[in-house]
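What follows is a single structure, written as C-alpha cells, with notes after it.
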Amino acid sequence: MLRKAFVMQVHPDKHQEYEQRHNPIWPELAQTLKAHGAHHYSIFLDESRHLLFAVVEIESEERWNAVASTEVCQRWWRSMCELMPSNPDFSPVSKALKPVFYLA
C-alpha cells in the first residue's frame, strides 16, 4: 500500500460549504475511489491558512491516476471549482508532499 499526501486551498468564505459537500461525499464518487484502490482517504482543514491537507492510501499510482478520467470525478471537479483554486481542466490545484517520517 502506498501513502500519498498533498495540499490544496479552499477559498476563505467557502470553508463551511466545502465541508458540507464532503459530508457525505457523493456515493458514486466514494465507490469510484474505492474501486480504483483508494483507502483511508482523509482531508483536514487549516482554517487560518485556508489550507487543505489530504492523505490517502492507494494500491497503485496507475489506478489512482485513472480516477481523474472517470465521469464522476470530472463532475465532482466541476462542482467544486467555485470553492477552491482550480486548473483549466477543473481539477483542484494541488501540491504533492514528500514523505519524511512514518510511525507504524
Side-chain angles (χ1 to χ4, degrees):
M1 195 71 61
L2 305 169
R3 285 185 326 279
K4 295 186 75 64
F6 50 97
V7 291
M8 302 172 286
Q9 295 280 319
V10 62
H11 297 313
D13 60 337
K14 300 296 185 181
H15 291 190
Q16 184 177 3
E17 188 169 352
Y18 183 90
E19 185 175 353
Q20 287 172 341
R21 290 192 190 186
H22 284 79
N23 290 299
I25 198 167
W26 296 347
E28 62 269 30
L29 181 56
Q31 181 181 14
T32 297
L33 288 164
K34 289 178 182 182
H36 283 79
H39 306 276
H40 306 287
Y41 193 171
S42 300
I43 301 174
F44 300 87
L45 172 62
D46 176 340
E47 293 179 294
S48 66
R49 294 185 289 170
H50 321 295
L51 184 70
L52 298 164
F53 168 70
V55 180
V56 62
E57 293 179 357
I58 61 170
E59 294 175 7
S60 78
E61 287 286 341
E62 182 179 64
R63 290 179 71 198
W64 170 254
N65 291 335
V67 172
S69 64
T70 65
E71 184 273 335
V72 68
C73 183
Q74 295 289 315
R75 276 193 297 121
W76 178 257
W77 287 349
R78 285 190 303 275
S79 77
M80 296 299 288
C81 71
E82 65 195 38
L83 307 182
M84 57 198 310
S86 300
N87 294 305
D89 67 354
F90 301 108
S91 65
V93 173
S94 66
K95 171 104 171 93
L97 298 174
K98 176 184 169 185
V100 295
F101 175 77
Y102 177 70
L103 177 66

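As the structure is a prediction and not an experimental result, all values here were calculated from the model.
With sequence neighbours excluded, the residues satisfying side-chain contact (heavy atoms from CB on, under 4.5 Å) with Arg75 are Trp26, Glu28, Glu71, Val72, Arg78.
By the rule that hydrophobic residues join a cluster once side-chain heavy atoms approach within less than 4.5 Å of another member, Val55 and Leu51 end up as members of one cluster. Val7 and Ile43 sit in two unconnected hydrophobic clusters of ILVMFWY residues. Membership requires side-chain heavy atoms under 4.5 Å apart, directly or through other members. With hydrophobic clusters built from ILVMFWY side chains whose heavy atoms lie under 4.5 angstrom apart, Ile25 shares a cluster with Met84.
Phe6 and Ala96 get closest at one heavy-atom pair: CB-CA, 4.0 Å. The two residues Arg21 and Trp76 come nearest to each other via the heavy atoms O-CH2, 3.3 Å. Between Gly37 and Arg63 the shortest heavy-atom distance is N-NH2, 3.4 Å. Closest heavy-atom contact between Ala5 and Phe53: CB-CE1, 4.0 Å. Shown here for Ala68 and Cys73, the closest heavy-atom pair between the two residues is CA-SG, 3.9 Å.
Contact annotation: the side chain of Val56 never approaches that of Arg3 to less than 4.5 Å [non-hydrogen atoms, C-beta and beyond]. A 4.5 Å side-chain heavy-atom check between Leu45 and Glu19 finds every atom pair outside the cut-off. Residues His39 and Lys34 form no side-chain contact, since every pair of their non-hydrogen atoms from C-beta on lies 4.5 Å or further apart. The side-chain heavy atoms of His11 and Pro85, taken from C-beta on, include a pair separated by under 4.5 Å. Residues Met80 and His22 have side chains in contact (heavy-atom distance under 4.5 Å, counting atoms from C-beta outward).
Under the 3.5 Å distance criterion, the side-chain polar atoms of Arg49 are left unmatched by any main-chain donor or acceptor of Gln9. Side chain of Asn87 to main chain of Asp89: no donor-acceptor pair is present (N/O by atom type, distance under 3.5 Å, no hydrogens or angles).
Distance check: Glu57 CD to Met1 CE gives 6.0 Å after rounding to the nearest 0.5 Å. Note: Trp77 CH2 to Leu29 CG = 10.5 Å, rounded to the nearest 0.5 Å. With rounding to the nearest 0.5 Å, the separation of CD in Glu59 from NE2 in His36 is 11.0 Å. For the atom pair CG (Leu83) and CE (Met8), the distance works out to 11.5 Å, reported to the nearest 0.5 Å. Atoms CD and CG, from Glu61 and Leu2 in turn, are 6.0 Å apart once rounded to the nearest 0.5 Å.
A salt bridge is defined here as a Lys NZ or Arg NE, NH1 or NH2 lying under 4.0 Å from an Asp or Glu carboxylate O, and Glu82 with Lys14 fails to meet this definition.
By the neighbour-count criterion of 12 heavy atoms within 6.0 Å, atom CD of Gln74 is densely surrounded, having more than that number from other residues, nucleotides or ligands. The 12-atom threshold is exceeded at CD of Gln20, counting heavy atoms of other residues, nucleotides or ligands nearer than 6.0 Å.
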